[in-house]
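These notes concern the structure reproduced below.
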Amino acid sequence: MQRSFFFRNPSILVFIGLLAVFTLAVTLMSAGAGSGAISTSFVKTLGRTLCLCLVAIAMDVVWGYCGILSLGHFAFFGIGGYAIGMWLMYARTEEIVVSSLAGATLPPTPQEVSDAIGSQIFGVVGSSDFPAIWAFAHSLPLQLLAVVLVPGLLALVFGWLAFRSRVTGVYLSILTQAMTLALSLYLFQNDSGLRGNNGLSGLQNMPGEDLGQDVISIRFFWASALALGLGYVLFGWVVSGKMGSVIRAIRDDEARVRFLGYHVESYKLFVFTITAVVAGIAGALYYPQAGIINPAEIAPIASIYLAVWVAIGGRGRLYGAVIGAALVSLASTWFTGGGAPPIDLGFYRVIWTDWWLVLLGLVFVLVTLFFPKGIGGLVDLLGINRPVKQGRTGDYGPDVGAWRKREGEEE
Amino acid sequence: MATLLEVSGVSVTFDGFKAINNLSLSIGEPEMRAIIGPNGAGKTTMMDIITGKTKPDEGRVLWGEMSRNLLGMSESRIAQEGIGRKFQRPTVFEAQSVRENLQLALKNRRGAFAVWLRPKGPTDDERIDALAEEIGLTDELERPSGELSHGQKQWLEIGMLLAQEPRLLLVDEPAAGMTPAERQHTTDLLKRAAQTRAVIVVEHDMEFVRRLECKVTVLHEGRVLAEGSIDHVTSNQEVIDVYLGR
Ligand SMILES: Nc1ncnc2c1ncn2[C@@H]1O[C@H](COP(=O)(O)OP(=O)(O)OP(=O)(O)O)[C@@H](O)[C@H]1O
Ligand SMILES: [Mg+2]
């Protein structure tokens with residue numbers, strides 16, 4: 001079974017192979033585990049990119065394969081980041097507080113420690129009490145559980161309500177945007193308990209161990225590569241075989257799938273939830289490499305970018321999503337980070353930080369119009385995949401009954 | 001011949017237009033029934049009601065030994081109860097291969113986790129081969145079904161219908177776009193299915209209906225105009241007026 005699974009899906013093996021080679025190359029060049037040819041901050045950028053690739057393949061499964069244009073998957077990504085960020089911030093602050101109180105003559109009581117952590121973390125929002133939402137922040141296992149459970153449960157409840165009422169198409173997209181907007185507005189409030197627009201910061205520091213950023217960065221890079229590899233295999237499994245066949249059938253004609261006896265809503269809920277969980281995990285790996293998370297990360301536009309990446313990379317093929325996410329996010333870093341040289345047109349200087357979004361929008365429109373298969377579609381040119389003719393041959397009903405009959409007699 | 005499906009007093013209105021008007025109909029198991037009627041008579045709408053796609057304004061649709069009402073059930077539930085449907089225009093999954101289409105339809109557990117974790121039954125491949133043989137698509141199994149000719153798509157959909165092993169087959173214009181030889185084959189196939197199952201066939205083509213050698217129901221303006229043998233209904237003056245004499 002296992003062997004035949006990879007045998008039937010050789011692209012998964014190819015991807016894992018390339019990912020392994022890439023990981024090894026970065027490791028050998030990193031400062032934490034190799035020659036130091038590439039900077040620690042670039043290792044972090046690459047690690048973050050792998051996380052974005054992971055959330056992009058989740059997006060591809062839900063949109064490209066199942067046809068649900070969710071514009072809310074970056075919210076699940078952000079929730080994962082917040083969940084792990086709470087523990088990181090708590091544990092790190094606890095260390096600092098304990099060491100600074102260690103000099104006192106009397107050993108501090110647990111209450112004093114807790115109060116000191118509280119005022120450290122919540123000072124910026126004028127508070128020092130722990131909100132209820134931080135109840136488990138002291139425990140890494142519980143917050144790791146939250147990384148999986150909170151996005152999963154939110155997706156389950158949201159999806160159940162939406163799919164059960166047969167909300168589809170653009171209405172569903174709007175609904176997911178509304179969910180995302182509501183979540184980010186909630187987080188922006190100071191009394192949300194998550195430090196309002198300050199967000200959570202200092203996430204790049206690992207509590208417990210006294211490791212340099214070079215070592216931490218390469219470890220997170222490894223973890224991100226592993227997560228991407230596992231996620232790729234998981235989704236490769238979901239979208240192959242009969243499950244994949246049902247999911248693609250739902251995308252193409254969900255009413256017909258119902259008449260075959262499949263409960264379409266359950267399948268959509270399954271896909272929506274499992275992709276939300278993976279998005280949460282990707283976020284939990286991303287934000288420690290970014291160092292900071294704030295509500296702006298969850299803004300509705302982020303989820304739209306996610307769809308743009310997948311569209312540019314090529315919907316309905318997992319590697320397409322990876323290509324799109326990697327290229328566009330790295331290009332975005334390059335253009336907005338001042339890496340791209342300005343173009344002097346004589347009468348106007350094109351500064352890329354201002355024009356990058358325009359360029360991205362243009363690329364998106366061009367790809368959608370002229371190259372709907374995306375960059376991943378280039379692989380078809382290699383002639384490995386047999387192209388599938390799209391679209392139906394027109395209606396053929398009783399309205400042309402006489403014609404049909406004539407056709408039959410011509411035999 | 002026990003009654004399998006009983007439609008009684010069903011009416012449905014679309015924007016003030018009564019597409020089905022106090023329709024009653026019952027079918028036994030096994031039985032073959034042909035339904036004829038002019039365009040817009042409500043034949044497809046009747047199938048929509050039985051399969052749960054359209055909710056009627058009034059009436060009941062009772063099913064099986066327990067006489068359970070189908071009207072409260074979802075489309076997928078009704079299909080699982082054993083009602084299979086072939087659509088008027090072929091609706092197969094064009095981007096997927098013939099094999100995948102048949103595999104989708106094959107009677108198996110339909111739950112998401114069952115499908116994911118146990119996608120294939122031990123006899124699935126044999127069943128697919130047998131079906132492909134029956135519908136003449138053995139050589140096309142690996143082709144995307146979108147590439148098939150119109151007649152082949154009709155066949156594929158009939159194959160998908162048989163793959164579900166339903167107790168009741170609703171077949172909307174099965175012979176559309178088929179050659180005379182293919183029509184003959186379709187007739188044979190449906191007649192064979194009707195030896196053990198209930199089969200309702202909607203057709204316009206009188207010759208085709210005649211060859212089915214079964215009881216015929218004539219629909220007109222959403223109600224039953226006449227019912228009986230083909231000779232009986234074709235000699236009915238009302239039927240001649242609204243349908244045959246057109
Ligand atoms: N969803 C709908 N909304 C509005 N009107 C509808 C709808 N479905 C069917 N109708 C109307 O109901 C009437 C019956 O349609 P139906 O498709 O059942 O006819 P039919 O007997 O299958 O005809 P044909 O032989 O053309 O297939 C038609 O006048 C049709 O326009
Ligand atoms: Mg019809």
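What you see is a predicted model; the values in this text were computed from it and never measured. Below, chains carry the letters A, B, ... as their sequence lines are ordered, and counting in each starts from 1.
Counted within 6.0 Å of OH on Y171(A), heavy atoms from surrounding residues, nucleotides or ligands total 12 or fewer; the atom is thus considered open. Summarising the local packing, NZ of K107(B) is surrounded by 12 or fewer heavy atoms from other residues, nucleotides or ligands at distances under 6.0 Å.
Cation-pi contact between R248(A) and Y65(A): absent, since separation from the ring centre below 6.0 Å together with deviation from the ring axis within 45° is not met.
Neither the backbone nor the side chain of V264(A) comes within less than 4.5 Å of any heavy atom of chain B. Looking at Q164(B), the atoms closer than 4.5 Å to chain A (heavy atoms on both sides) all sit in the side chain, from C-beta outward. Residue contact with chain B, scored on non-hydrogen atoms closer than 4.5 Å, involves the backbone and the side chain of Y262(A) alike. Only the side chain of N108(B) comes within contact range of chain A, judged by heavy atoms closer than 4.5 Å. Both the backbone and the side chain of V257(A) come within less than 4.5 Å of a heavy atom in chain B.
Atom CD1 of I78(B) sits about 6.5 Å away from atom OG1 of T51(B), to the nearest 0.5 Å.
With V92(B) as reference, K153(B) is the one residue of K153(B), E100(B), Q152(B) to meet the side-chain contact (heavy atoms from CB on, under 4.5 Å) rule.
Aromatic pair H185(B)/W155(B): ring centres closer than 6.0 Å.
When each of A79(B), S76(B), S74(B), G111(B) is scored by its heavy-atom pairs under 4.5 Å with chain A, the top score falls to S76(B). Counting heavy-atom pairs under 4.5 Å between each of G241(A), A249(A), S240(A) and chain B puts A249(A) at the top.
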